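A quick write-up on the structure given underneath.
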Amino acid sequence: MDRRFMSARKVEFGILALMVLISHHAIQTFGAGQVVGYWGQEGDDKTEGSLAALCASGNYGIVIIAYLSKFGRNQSPVLDLGGHCDAPTGACQRYASEIATCQKRGIRVLLSLGGEVGGYGFDTADEARLLAQDIWDNYMGGSSSNSPLGEVNLDGLDLRIFSGGHRFYADLGGRLREIAQDNQYKYLYFGVSPQCPCPDPSLGPDSAGKFMETNLVDLVFVQFYNNPGCDIRGGIDDLVRSWSNWITRITASKPAFYISLPASPSAGEGFIDTKTLKDSVVPSIKTIGNYSGVALWAPSTNRTFAASIKSIV
Ligand SMILES: *[C@@H]1O[C@H](CO)[C@@H](O)[C@H](O)[C@H]1NC(C)=O
Ligand SMILES: *[C@@H]1O[C@H](CO)[C@@H](O)[C@H](O)[C@H]1NC(C)=O
């Protein structure tokens, strides 16, 4: 075969592969067996460690910064990184370089909205769309004179909504995706961190127009802890039943699913040790399918746990 023809075919194949990659972005990019770590709520750089250190451990494929803890209802959005830094003073801007270092390692960095403390939610779609613009300006491709994390280009959002109602998150996500596409930004990932009882009261999916009924969802980190009805404390059958439920109930998109777990017994009720994870939990949910890995809450509460599960997830 003629060489030029071959390379033309190669280019064609490359374009085809790229198209396949784009249309199956979530599954392809976040293939099987990743560890995801949440960061920002376990004290300061000494107790929790820096974001750079988390990324440098080599254990994580995605890190999720928690939280944008106040937004909507006429509030200025507030970034809360616990004891790490005080965002309003500009002290969190030093994390811009750590975030860039994480991304250079191929780690996706998402910003989580919500959290346990509350003080968020929307009354109108306009408020949600306004927040989309604010997030774009401060954390993504837009510009702002005083971004809480400095000059960063985050890879997406995670919704960890415990209170404040379920309304208008779809407007937030839809508007943000629209802005990103209009500006030819990199692919923006939308993650959700629901509790394991399905559907989640804030995020769905059910028939109420909640975020998980949209086609925006790329990543689902289901919290299998602090929920006696579906975490491991009721036995593995409860957990597996809940996993199946999530897989079958989400139909508007084909997201990657992660089992979200505490990194130690002190990080949440329903801790699963490495051996149980390896011998029973991971094999059981892998059999059901649609499994992409494990997300760890409070990785700093046992810094060797992530390494111990990396090869078995
Ligand atoms: C789960 O995987 C199956 C088989 O690959 C696929 O057909 C289905 O759409 C997936 N479901 C979700 C919710 O991603
Ligand atoms: C941390 O996790 C490792 C790996 O699972 C385990 O061997 C070790 O005992 C844990 N450390 C503590 C203090 O629980």
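The structure displayed is predicted, hence computed values, not measured ones. As the structure lists them, so they are numbered: ligands from 1, and atoms in each ligand from 1.
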Point to revise | Protein contact of atom 1 (C) of ligand 2 - nearest heavy atom, named by residue and atom, plus distance | key: N302 ND2, 1.5 Å
Review point. In the protein, which heavy atom is nearest to atom 5 (O) of ligand 2, and how far is it?
Key: T274 OG1, 2.8 Å
Would you indicate whether the side-chain heavy atoms of [Y] and [X] approach each other to under 4.5 Å?
{"X": "Y169", "Y": "T214", "answer": "no"}
{"X": "N183", "Y": "E178", "answer": "no"}
{"X": "F162", "Y": "Q195", "answer": "yes"}

Review point. Heavy-atom count around E151 CD within 6.0 Å, excluding the residue itself: above 12?
Key: no
Review point. Is the closest N or O pair between N290 and ligand 1 shorter than 3.5 Å?
Key: yes
Review point. With a cut-off of 4.0 Å, which atoms of ligand 1 are near a heavy atom of I247?
Key: 13 (C)
Revision key, fill the gap. Quick note on ligand 1: atoms under 4.0 Å from a heavy atom of F257 include exactly 13 (C)
Exercise for review: Using the side-chain contact (heavy atoms from CB on, under 4.5 Å) rule, pick out the option among L239, I309, V294 that qualifies with I272.
Suggested key: L239
Exercise for review: Considering only protein heavy atoms, determine whether one is less than 4.0 Å from atom 3 (C) of ligand 2.
Suggested key: yes
**Study point:** Heavy atom of protein inside 4.0 Å of atom 7 (O) of ligand 2, strictly below
**Key:** no
Exercise for review: Give me the ring orientation class for Y185 and W136: parallel if the planes are under 30° apart, tilted from 30 to 60°, perpendicular past 60°.
Suggested key: perpendicular
Revision key, fill the gap. Note: ligand 2 atoms sitting under 4.0 Å from heavy atoms of T304 are 1 (C), 2 (O), 3 (C)
Practice item. Could you list the atoms of ligand 2 found under 4.0 angstrom from a heavy atom of S308? Key: 4 (C), 5 (O)
Point to revise | Distance under 6.0 Å and angle within 45° of ring axis: R160 vs Y38 | key: yes
Review point. Heavy-atom contacts under 4.0 Å between I250 and ligand 1: side chain, backbone, both, or neither?
Key: backbone
